[in-house]
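So you know, we letter chains A, B, ... as the sequences are listed, proteins then strands, and number each from 1.
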Amino acid sequence: AQKITQTQPGMFVQEKEAVTLDCTYDTSDQSYGLFWYKQPSSGEMIFLIYQGSYDEQNATEGRYSLNFQKARKSANLVISASQLGDSAMYFCAMREGEDYSSASKIIFGSGTRLSIRP
Amino acid sequence: GAVVSQHPSWVICKSGTSVKIECRSLDFQATTMFWYRQFPKQSLMLMATSNEGSKATYEQGVEKDKFLINHASLTLSTLTVTSAHPEDSSFYICSAGGRTYNEQFFGPGTRLTVL
């Protein structure tokens with residue numbers, strides 16, 4: 001069974017500093033995808049970045065990058081130049097399945113609450 | 001990106017009543033939708049996979065008779081919480097996959113409070 005582990009329940013970071021949010025996963029499938037979502041206090045889930053298991057390069061989206069280390073089964077999110085608006089819950093998630101498609105379910109980690117200090 | 005809506009955004013009901021939550025994909029067809037629940041300060045827990053035209057697939061530990069899921073069309077899935085009790089109070093979120101495996105769109109969520 002798949003499993004997502006986020007070991008940092010909460011983090012405090014000074015504004016403009018970079019921050020790394022940890023995520024490790026466990027799966028027996030060869031095809032899988034890893035997502036990071038941001039959830040502000042409003043509750044909406046905001047997609048940040050995606051990494052496929054066969055992608056050779058680390059994914060990047062603006063200030064977000066994913067440090068994908070397949071052998072270690074880790075997919076850490078790096079936020080560069082943090083901003084006050086980055087304060088939120090961050091969830092790592094994984095999609096897998098024999099029928100690897102948008103119909104495959106996504107499982108979430110426990111989340112990390114990130115707080116940015118001015 | 002694609003939009004998924006939920007209705008209502010919040011609901012308060014009395015214990016013992018049933019509540020229906022709608023999840024709609026507004027500009028795309030979704031043969032599969034997912035229902036999650038989230039307790040305060042916790043993660044999203046997958047409840048079930050909703051399949052258009054067939055029965056939903058429930059995760060272990062989720063009572064299918066209590067959480068009724070109907071996916072009657074390619075754009076609408078409904079979750080009905082039957083005989084709701086205070087412990088069912090939670091944030092319910094639906095999601096739908098896009099055209100490719102790297103897409104997953106979430107609704108804004110429904111906050112259910114059972115008195």
Practice item. Find out if a path of hydrophobic residues (ILVMFWY) with successive side-chain heavy-atom gaps under 4.5 Å connects A:Phe12 to A:Leu77. Key: no
Practice item. Dump the intermediate steps for side-chain contact (heavy atoms from CB on, under 4.5 Å) on B:Gln104 and A:Met45, then the final yes or no. Key: CA-CA 10 Å; B:Gln104 190 73 12; A:Met45 297 295 288; over 6 Å; no
Exercise for review: Is it possible for you to say whether B:Val19 and B:Met33 belong to one hydrophobic cluster, with membership spreading through side-chain heavy-atom contacts below 4.5 Å?
Suggested key: no
Review point. Can you find a heavy atom in the side chain of A:Met89 that is under 4.5 Å from one in the side chain of B:Lys41?
Key: no
Review point. Taking everything shown except A:Gln14 itself, do over 12 heavy atoms lie less than 6.0 Å from its CD?
Key: yes
Study note, to complete from the structure: Note: B:Ser43 and A:Ser110 closest approach over all heavy atoms is CB-CA, 3.8 Å
Practice item. Kindly indicate, with the supporting measurements, whether the criterion ring pair (Phe, Tyr, Trp, His ring centres under 6.0 Å) is fulfilled by A:Phe108 and B:Tyr36. Key: CA-CA 10 Å; A:Phe108 285 80; B:Tyr36 296 83; 5.5 Å; yes
Check your understanding: Hey, quick one: are B:Phe105 and B:Tyr92 part of the same hydrophobic cluster, counting side-chain heavy atoms closer than 4.5 Å, chains of contacts allowed?
Key -> no
Review point. Above 12 or not: heavy atoms from other molecules or residues under 6.0 Å from NZ of B:Lys66?
Key: yes
Point to revise | Test of ring centre spacing under 6.0 Å for A:Tyr37 and B:Phe106 | key: yes
Review point. For chain B, which of A:Ser42, A:Pro9, A:Gly43, A:Gly111 has the most heavy-atom pairs under 4.5 Å?
Key: A:Gly43
Point to revise | Hydrophobic cluster membership, B:Leu68 vs B:Val62, 4.5 Å side-chain cutoff | key: no
Review point. Are A:Gln39 and B:Ile93 close enough that some pair of their side-chain heavy atoms sits under 4.5 Å apart?
Key: yes
**Study point:** Engaged part of B:Gln6 at the chain A interface, taking heavy atoms whose separation is under 4.5 Å
**Key:** neither
Review point. Does one hydrophobic cluster hold both A:Leu48 and A:Ile116, with members joined at side-chain heavy-atom distances below 4.5 Å?
Key: yes
**Study point:** CD/B:Glu87: more than 12 non-hydrogen atoms of other groups inside 6.0 Å
**Key:** yes
**Study point:** Which atoms of A:Gln6 approach chain B - backbone, side chain, both or neither, heavy atom under 4.5 Å
**Key:** neither
Exercise for review: Give the C-alpha distance, both sets of side-chain angles, the deciding distance and a yes or no for side-chain contact (heavy atoms from CB on, under 4.5 Å) between A:Ile106 and B:Phe34.
Suggested key: CA-CA 9 Å; A:Ile106 292 180; B:Phe34 303 93; over 6 Å; no
**Study point:** Which portion of B:Leu44 sits near chain A, non-hydrogen atoms under 4.5 angstrom
**Key:** both
